[in-house]
Amino acid sequence: MIKAEQIEDYLAICEVKARYCRFLDTKDWDSWGDLFTDDFELDTRPSGGTQTQSREEALRIVRAAIGDAITAHQVHSPEVRIEGDSARVVWAMQDRVLWPADKAAQMGNAGLTGYGHYHERYVRQAGRWRIAAQTLTRLHMDVHPLPG
């Protein structure tokens, strides 16, 4: 449970995640990358992906995966535990991914809508909260068929 003296940190962490979704969906890669620590750990294995450890490598993987797709990421219901300059957060999430025509043909589907959770660790660095680790888990995915 968040204590009264942690409200400012709670709100700052929520703003980081709001920016995460906006920057990812608008493909503002420089701003998106700035939300992470240099040694950011990304683990998407529970949702069929890979694991990597570095902000630059995570950016490369995500850009290659969805850089040309139309996406909409939404998060809600944060469960936040703050301990000094570190925090653990679980976010309920939904993402919608629509592939461009060439990638849709390659993927064999028009896109997907996924439901699951982000499990994250945040750290405060130089007065700013940043995401240090993220694991994406999925409860369900709707795969959208190609038209026709």
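The shown structure was predicted, so the numbers you read here are calculated from the model rather than taken from an experiment.
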Query raised in the report: Can you tell me if Arg130 uses its side chain to pair, donor with acceptor, with the backbone of Asp34 under 3.5 Å?
Result: yes
Query raised in the report: Any donor-acceptor pair under 3.5 Å linking the side chain of Arg124 with the backbone of Gly84?
Result: yes
Requested in this report: Indicate the ring-plane relationship of His117 and His119, choosing parallel, tilted or perpendicular according to the 30° and 60° boundaries.
Outcome: tilted
Query raised in the report: So Glu15 and Arg19, salt bridge (Lys or Arg N to Asp or Glu O under 4.0 Å) or not? Walk me through it.
Result: CA-CA 6 Å; Glu15 283 186 10; Arg19 288 183 185 108; 3.4 Å; yes
Report task. First locate atom SG of Cys21, then atom OH of Tyr118, and finally report the distance between them rounded to the nearest 0.5 Å. Result -> 6.0 Å
Report task. Decide if atom CD of Glu5 counts as having more than 12 heavy atoms of other residues, nucleotides or ligands within a radius under 6.0 Å. Result -> yes
Query raised in the report: Between CD of Gln51 and CG of Asp43, what distance do you get to the nearest 0.5 Å?
Result: 4.5 Å
Query - Non-hydrogen atoms of Thr71 and Leu24 that approach each other most closely - result: OG1-O, 4.0 Å
Query raised in the report: Say you draw a straight line from CZ of Arg22 to NZ of Lys17; how long is it, rounded to the nearest 0.5 Å?
Result: 14.0 Å
Query raised in the report: Is it true that a side-chain atom of Glu79 and a backbone atom of Trp91 form a donor plus acceptor pair closer than 3.5 Å?
Result: no
Query raised in the report: Is a donor on one side and an acceptor on the other found under 3.5 Å between the side chain of Ser54 and the backbone of Glu57?
Result: yes
Query raised in the report: Would a hydrophobic clustering, with Ile, Leu, Val, Met, Phe, Trp and Tyr connected at side-chain separations under 4.5 Å, put Ile13 with Val90?
Result: no
Requested in this report: Using modelled atom types only, decide if a donor and an acceptor are shared between the side chain of Lys103 and the backbone of Ala65 within a distance under 3.5 Å.
Outcome: yes
Report summary line: dist Leu35:CG -> Phe40:CZ (nearest 0.5 Å) comes out at 9.5 Å
Query raised in the report: Do any N or O atoms from the side chain of Lys27 and from the backbone of Ile70 form a donor-acceptor pair under 3.5 angstrom?
Result: no
Requested in this report: Spell out, yes or no, whether Ile61 and Met93 are grouped together once hydrophobic residues are joined by side-chain heavy atoms under 4.5 Å, including indirect joins.
Outcome: no
Query raised in the report: Would one find more than 12 heavy atoms of other residues, nucleotides or ligands at under 6.0 Å from atom CG of Asp30?
Result: no
Query raised in the report: Just how far is it from atom CD of Gln53 to atom CD of Glu41, taken to the nearest 0.5 Å?
Result: 4.0 Å
Query raised in the report: So, Ser86 side chain and Val123 main chain: donor-acceptor pair closer than 3.5 Å or not?
Result: no
Report task. Give a yes or no on whether Leu146 and Val143 share a hydrophobic cluster (residues Ile, Leu, Val, Met, Phe, Trp, Tyr; joining criterion: side-chain heavy atoms under 4.5 Å apart). Result -> no
Query raised in the report: So, the side chain of Asp95 versus the backbone of Gly114: is there a donor-acceptor pair under 3.5 Å, distance only?
Result: yes
Query raised in the report: Any chance the side chains of Glu120 and Tyr122 put a donor and an acceptor closer than 3.5 Å?
Result: yes
